[in-house]
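The block underneath contains the structure these notes are about, expressed in structure tokens.
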Amino acid sequence: MEAYRILFVEKAPAESSMRTLLDWGALGFDLMGTVATEAQALAMIAESRPDVVVTELALAAGTGLALIHQAKTAAPETAFVILAAEADFETAQAAIALGVAAFLKRSEKPAVLRGAFSQLRQTLNQKRAQTANWTVLQQYYKQSLPVMQASFYAALIDGQINEAAIDAYRRDYQIALNGSFYTCLVIHTSTTLLPARVDPMLLRTQVLQQARAFFEPLWPLAAFSYLGNTVMAVQLAAATDVRALTDDADRFCQEAKSKLAAAVTIGVGAAVSRLLDLPRAYRGARTAVSYRSLYGAGKVINIKEIAPHELADFSPLTDTALSALFRQIHVGPEETIEEAVAAYLTHLGQTAQHMPQHTVVVNELISALYRFAANNRLHVPALTDNLKTLYQTLPESSPASLHQWLSATCLALNSQLALARDTTSAVMIHDAQEYVRVHYQEESLGLKDVCASLGVSHSYFSTLFKRETGVSFITYLTEFRMDRATRLLLETTEQSQVIGRLCGYTDPNYFSLVFKKHFGNSPTVYRSGMAVASY
């Protein structure tokens, strides 16, 4: 082991100097030199940090005790040994209080001194080994921290972290999310719409890296892989920030398509106010991703926008077949619902081998379907109006009757969900059109204003408006203003620039340009032409 550097501090070094008392090299010490004053010793200690300082009590300038007292601050790891002419009890007590490694008399036999410094070397060896071990542990901790954090978040969204343990996890795993609200993004990379000769695992890794680079400058978050998807726990300042996050996610889907040729679907969960409620946000985001079979892959899907009445705390049973059944009830079409019903009943037959087991599983199925209907505010008489009768009779029904009932119930739930979504869409489009009617005279009126009033993201509203009306929102707004302009031109005698202002165009030249592009003539020519035609 490497020798320990030792510095001597004595008033008048001579032939009988402390350096000559022992064979220091044989004891494992490397001599740095000898100084005579307290100031010299402090300067040497600050500059060179010796492992051991051996000092007399009385120095040429200063004292050994004062030296130790000051040096402990500058070099806390240095060991100090006092080599005194006489053993003074009070001085020894003061030295012990300062934490000296040894208090020895110069007159001690060489064997005693040798034994004391041999013991000191063993102590230094132990400290050096402990320091090395601690350094290794710290390095291992830093290297393992990202893995531990990912494991923590996976356990968190799986509901395995409880209230009593959350603070300890935050501290030990350096969990940085500590905001007012949170939500989850589930980023799904399609494995069926892959670019040619691209490995799916490699593509998912690239998407994760790209997602980190895109979202981390915008939002405080933690990103990790879970069940084949990239999941992000995102910190929000306010619950309404989910809309802005949804728009950012829409931009990322487009970026992933252009840069990686990847069809990326992002599900956005609802906002929650506690980190421990993140499982609810995750389930919502996971359900939103499952809607890609209805809305198409490669876009962002916000659970609150596609299912505004669905309670966020709804979670289907963990059974795989039942989860698949609920997913198909959400997205359809009828053929896949029938397939999911058949798959679930096959699973039921394989897992429930005896009548008591069959009864329990069927009753759990009834309960799950009832909760699904209640959470989504659906009314299916065959389910919601006959609950008690179902519990009594359905477990004893024949396989064919059970299949028929389950198929009809699932199709009815799917139909009502679709109707609810269509109704919600129609109401939203009506509200948007009403907002235009009230505010069309405001020059600054645009997509952001309507989305803010409706509480939805730009990407979702734009897609919905185009799907329901056949035109973009901007086109609709322009056509609405042009319709009002033509009516004012024909029904009033106001000048065209006044009419432009009344229709949201403060610049008369721009109004005239838009009008001519829309109708082929300027407002003045249009008015005169219509007047001649009517005459």
Side-chain angles (χ1 to χ4, degrees), residues 177 179 181-191 193-195 198 203-225 229-271 281-282 284-307 428 432 444 446-467 471-475 477:
L177 298 186
F181 294 91
Y182 308 91
T183 192
C184 263
L185 301 182
V186 173
I187 304 176
H188 174 81
T189 305
S190 174
T191 56
L193 302 174
L194 288 175
V198 171
L203 184 61
R204 281 199 295 266
T205 301
Q206 290 177 318
V207 168
L208 174 57
Q209 293 174 342
Q210 193 82 9
R212 285 182 184 275
F214 180 90
F215 285 101
E216 283 180 346
L218 304 175
W219 302 90
L221 58 84
F224 53 98
S225 295
N229 293 321
T230 294
V231 180
M232 289 187 171
V234 184
Q235 178 177 306
L236 308 172
T240 54
D241 286 347
V242 173
R243 295 201 300 270
L245 177 63
T246 301
D247 288 330
D248 286 338
D250 182 61
R251 289 194 296 113
F252 176 74
C253 290
Q254 298 174 32
E255 183 175 302
K257 183 178 181 180
S258 63
K259 291 185 177 180
L260 303 176
V264 173
T265 304
I266 301 181
V268 183
Y282 168 70
R286 186 185 60 192
T287 300
V289 166
S290 71
Y291 275 78
R292 64 187 182 277
S293 54
L294 179 63
Y295 291 97
K299 60 183 63 179
V300 62
I301 304 173
N302 187 320
I303 187 63
K304 283 298 184 182
E305 294 175 342
I306 60 172
M428 185 178 295
S444 61
L447 181 64
K448 60 180 178 54
D449 304 295
V450 177
C451 291
S453 71
L454 298 175
V456 296
S457 62
H458 299 179
S459 58
Y460 173 73
F461 175 76
S462 298
T463 301
L464 181 65
F465 194 93
K466 181 70 177 292
R467 188 184 70 191
V471 296
S472 69
F473 172 76
I474 298 303
T475 300
L477 175 59

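Given the structure is predicted, the values throughout are model-derived calculations rather than measurements. Computation of the quantities below employed the complete heavy-atom set of this structure, encompassing side-chain atoms and omitting hydrogens, waters and symmetry-equivalent molecules.
Between the side chain of D247 and the backbone N or O of H458, at least one donor-acceptor pair lies under 3.5 Å.
Annotation for L236 and A271: closest pair CD1-CB, 4.1 Å, computed over non-hydrogen atoms. The heavy-atom pair separating D449 from S444 by the smallest distance is OD2-O, 3.2 Å. Between V471 and F465, the closest heavy-atom pair is O-CD2, 3.4 Å. Scanning all heavy atoms of the two residues, the minimum distance from L221 to E216 falls at CD1-CG, 3.7 Å. In plain terms, the two heavy atoms of V289 and G267 that are nearest each other are CG2-N, 3.3 Å. Contact record, S472 with K466: N-CD, 3.6 Å, taken as the closest heavy-atom pair.
Separating the CG atom in L185 from the CD1 atom in I266 is a distance of 6.0 Å, to the nearest 0.5 Å. If you take CZ on R467 and OG on S462, they are separated by 12.5 Å, rounding to the nearest 0.5 Å. Rounded to the nearest 0.5 Å, atoms CG (L447) and OG (S459) are 9.5 Å apart. M232 CE to T183 OG1: the interatomic distance, rounded to the nearest 0.5 Å, is 13.0 Å. The distance from atom NZ of K259 to atom CD of Q254, rounded to the nearest 0.5 Å, is 12.5 Å. One distance of note links CG of L260 with OG1 of T189; it measures 8.5 Å at 0.5 Å rounding.
Within the 4.5 Å cutoff, no side-chain heavy atoms of I187 are placed close to those of Q210. Counting only heavy atoms from C-beta outward, the side chains of K257 and V264 never approach each other to under 4.5 Å. Y460 is not listed as a side-chain neighbour of D250, based on a closest heavy-atom distance of 4.5 Å or more. Side chains of R243 and T246 form no contact here, defined as non-hydrogen atoms less than 4.5 Å apart. Here the side chains of C184 and V231 are in contact, with some heavy-atom distance below 4.5 Å. Put simply, the side chain of L464 does not reach to within 4.5 Å of the side chain of V456, judged on heavy atoms. The side-chain heavy atoms of Q209 and T205, taken from C-beta on, include a pair separated by under 4.5 Å.
In summary, the side chains of D248 and W219 do present a donor paired with an acceptor at a separation below 3.5 Å, with no hydrogens or angles considered.
F215 is linked by a ring-ring contact (aromatic ring centres under 6.0 Å, His included) to F252, counting only residues two or more places apart in sequence or in another chain.
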Query raised in the report: Could you walk me through whether F181 and D241 pass the side-chain contact (heavy atoms from CB on, under 4.5 Å) check?
Result: CA-CA 9 Å; F181 294 91; D241 286 347; over 6 Å; no
